[in-house]
Amino acid sequence: MNNFKNLRGTVDLLPDQLIKWQNVEKIILEQLFRSSVKEIRTPILEMTDLFLRGIGEGTDVVSKEMYTFLDRGKRSCTLRPEGTASVARALIQNGLLTKPFQKLWYMGPMFRYERPQAGRQRQFHQLGVEFIGYESVRSDIEIITLAWDILEKLGIKELNLEINTLGDHVDRSNFQKAFLKWLEVNKNSLDQDSQRRIDKNPLRILDTKNIKTKKILEDSPRLFDFLSEKSLDRYLTIKEKLKLLKIPFIENFNLVRGLDYYTHTAFEITSGLLGSQATVCGGGRYDNLINQMGGAEIPAIGFAIGLERLILLSGNELEKSRETDIYIVNKGSNAETLAMQLSRKLRNYNLITELDLSGSSFSKQLKKANKLKSRCIIVIGDIEALKNEFVIRLFINVNSKNQEETISFGDDIKLDNWLKKNLLSTVLP
RNA sequence: GCGGGCGUCGCCAAGUGGUUAAGGCAGCGGCUUGUGGCGCCGCUAUUCGGGGGUUCGAAUCCCCUCGCUCGCCCCA
């Protein structure tokens, strides 16, 4: 096997699969459009420092999962592992932060160097939405609602929304002090992973999956008790409004999320149907990120949806695509020229037209049309070409020969009427 | 980075030491060189992920390697 292969953790998306992708993307884009969210596109490649500063050096993403390399100018570059840092950078750099409020989305590939498994790849795709400049509690609700509605529009069932609050940076550092103190005392009872995290990223210990550690953590100080009145009030309001909007959620005080920049609201939407990589959507507030990266103090909140996981969850009704409307069977040089002209004309209708380019026998071409489940065929051979006409026939079943019509080239009215009567009335939008 | 499972045609597979590597689907050609379905006939792996070894003989046994996959960690 000397052939080339794709790199581990990357996949080819093939035509049949892309039907589903396109349908999913269409529904997403429509919902974003209706929600007044605008698109932004940033480079896939960025300076490594952007992510070190933005995401945080202690995070797993930065410390062990980045695709980083030196370019020819010896600059350290990284294929983006997520989108938020890039968006923040772009807004600062392009002076867009003078606009007080912006709702933005992006969609595209992200890269993380990990061992692939079900629902996890090294190159994967995310839809990200960021509400920039929004501080109000309502913006938290609105963005959670948006994420929820997108998933709902796609018909995805069995979702769990988990929410938590991380407080502001003051709350968090107060808590962290108390927590670190507690950790020192209880260090030896923790599992190895958690012990390692004490120095690197203590908050993440809260999210451990180790059952023993979980048990021990029950007696640890809780971030919730360190929330300022304002932070607490914010959190309670969110819960209350979500209830009013009838969006079901569960509280998860251990939901910390992997990136350093989050403050206040953190949320995740998971599905039991995904196996061990259950998170479809993760998001939260990041009021300090833009400032940390050199911009003004601008609050923001966002989420990201993993498209591969979304596709796994989406129903197979989205795999269906429209079939061919008209298959043009043609043979002989004059006929072929006429067929080309005709196919161009037909494409001005909202019809899927396939011009046979094989030059093979009528029988072969008909078989192909049948295989494609074409709703209608046009036949142009030497005989038709000589008379400057073509035959158009409904192709629904073998016996539909009687529903055929001969039309002269140039008789656009007759063609138009035939199409309206037989095809256009049932064409999907 | 650490564990488990698996690699036979484009896909699904049988074969588990003896000289032809089943079968199905898909594909291609024909029956039918200007008319679809069905059917029938034919073609499609000098080779079993790759390399080395054991053996008279290997897809089948051993070693190494590569890849895939599932899980841990973590995340989308």
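Letters A, B, ... are given to chains in the order of the sequence lines, protein chains preceding strands, and every chain is numbered from 1.
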What's the gap between [N] and [M] when it is taken at their [atom1] atoms, as a whole Å value?
| N | M | atom1 | result |
| --- | --- | --- | --- |
| B:rU69 | B:rA13 | P | 16 Å |
| B:rC28 | B:rU65 | C1' | 37 Å |
| B:rG39 | B:rG15 | C1' | 31 Å |
| B:rU20 | B:rC31 | P | 34 Å |
| B:rG34 | B:rA45 | C1' | 38 Å |
| B:rG67 | B:rG51 | C1' | 14 Å |
| B:rG17 | B:rC61 | P | 8 Å |

So what does [X] touch, heavy atoms closer than 4.0 Å: a base, only the sugar-phosphate, or nothing?
| X | answer |
| --- | --- |
| A:Gln121 | base |
| A:Ile377 | nothing |
| A:Gly381 | base |
| A:Val329 | nothing |

Exercise. Tell me, do A:Met107 and A:Arg41 make a side-chain contact under 4.5 Å, heavy atoms counted?
Worked result: no

For this session: Give, ordered by number, those residues of residues 359-371 of chain A having at least one heavy-atom distance below 4.0 Å to an atom of RNA chain B; if nothing qualifies, reply none.
Result: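 Close to the strand are A:Ser361, A:Phe362, A:Ser363, A:Lys364, A:Leu366, A:Lys367, A:Asn370, A:Lys371.
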
For this session: Compare the minimum distances between each of B:rG36, B:rA76, B:rG34 and the side chain of A:Glu384, then state the nucleotide with the smallest one.
Result: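 From the listed options, B:rG34 comes nearest.
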
Exercise. Between the main-chain N or O of A:Leu96 and the side-chain N or O of A:Gln102, is there a donor-acceptor pair closer than 3.5 Å?
Worked result: yes

Exercise. Does A:Cys281 or A:Tyr113 map to a spot on RNA chain B nearer the 5' end, using the closest nucleotide for each?
Worked result: A:Tyr113

Exercise. Paired with B:rG29: which nucleotide, if any, by Watson-Crick or G-U wobble criteria at under 3.5 Å for both distances?
Worked result: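 B:rG29 is paired with B:rC41.
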
Problem set entry | Under-3.5 Å donor-acceptor pair between A:Glu114 side chain and B:rA76 base |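 Looking at the base of B:rA76, it does pair with a donor or acceptor on the side chain of A:Glu114 (distance under 3.5 Å).
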
Problem set entry | Euclidean distance, A:Leu217 CG relative to A:Leu183 CG, rounded to 0.5 Å |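 That separation rounds to 7.5 Å.
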
Problem set entry | Cation over ring face, A:Arg222 and A:Phe253, 6.0 Å, 45° | yes

Quick one: which protein N/O atoms are closer than 3.5 Å to N/O atoms of nucleotides 66-70 of chain B? Pair and distance per line, please.
residue: B:rG67; atom: O2'; partner: A:Lys5; partner atom: NZ; Å: 3.0
residue: B:rC68; atom: OP2; partner: A:Arg8; partner atom: NE; Å: 2.7
residue: B:rC68; atom: OP2; partner: A:Arg8; partner atom: NH2; Å: 2.9
residue: B:rC70; atom: OP2; partner: A:Ala118; partner atom: N; Å: 3.0

